[in-house]
Amino acid sequence: LTLSCGLESPSRAAVSPDGRWVAAGCGAVTLVWDTARAAPPARLVGHRGPVRGVAFSPDGKRVATASQDGTVRLWRSDTGVEVAVYDEHN
């Protein structure tokens with residue numbers, strides 16, 4: 001698996017505890033690869049600034065992304081659906 005963000009390098013990357021999912025911050029977007037399938041990565045879009053942190057839940061079912069925009073977003077690893085948004089005012 002090659003982590004590619006196009007013209008830029010990933011800013012942060014994480015691997016789920018079971019090794020199935022790999023996530024990388026690419027500017028304001030996070031890409032999530034399913035290592036069990038040869039499919040293009042899911043694109044997690046919602047941040048308004050560069051992604052500065054990526055982490056998986058212990059069971060690998062969720063991925064959290066933190067951005068320079070002051071938000072932390074929680075996503076489902078398998079679908080890329082946003083579950084929650086936490087900002088500096090929450």
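Throughout, residue positions are numbered sequentially from 1 according to the sequence presented.
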Closest heavy-atom contact between [X] and [Y]?
X: Arg12; Y: Val51; value: CG-O, 4.4 Å
X: Arg62; Y: Leu74; value: CB-CD1, 3.8 Å
X: Phe56; Y: Ala14; value: CE1-O, 3.4 Å
X: Val32; Y: Ala23; value: CG2-CB, 4.0 Å
X: Ser67; Y: Gly49; value: OG-O, 2.9 Å
X: Lys61; Y: Asp59; value: N-OD1, 2.9 Å

Subject >> Candidate pair Leu44 and Glu82, rule side-chain contact (heavy atoms from CB on, under 4.5 Å), full reasoning >> reply: CA-CA 8 Å; Leu44 310 183; Glu82 188 177 82; over 6 Å; no
Original post:
When hydrophobic residues are tied together by side-chain contacts of less than 4.5 Å, even through go-betweens, does Trp33 share a cluster with Val15?
Top reply: yes
Original post:
Would a hydrophobic clustering, with Ile, Leu, Val, Met, Phe, Trp and Tyr connected at side-chain separations under 4.5 Å, put Leu31 with Val22?
Top reply: yes
Subject >> Pro50 and Arg52, any side-chain heavy atoms less than 4.5 Å apart >> reply: yes
Subject >> Short side-chain to backbone donor-acceptor contact, Ser77 and Gly60, under 3.5 Å >> reply: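 Checked: pair present.
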**OP:** Taking Thr65 for its side chain and Gly25 for its backbone only, find out whether a donor-acceptor pair lies under 3.5 Å.
**Re:**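 Looks like no, no N/O pair under 3.5 Å.
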**OP:** Would you mind checking if Arg20 and Asp34 are paired as a salt bridge, meaning a charged N to carboxylate O distance below 4.0 Å?
**Re:**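 Answer for the salt bridge query: yes.
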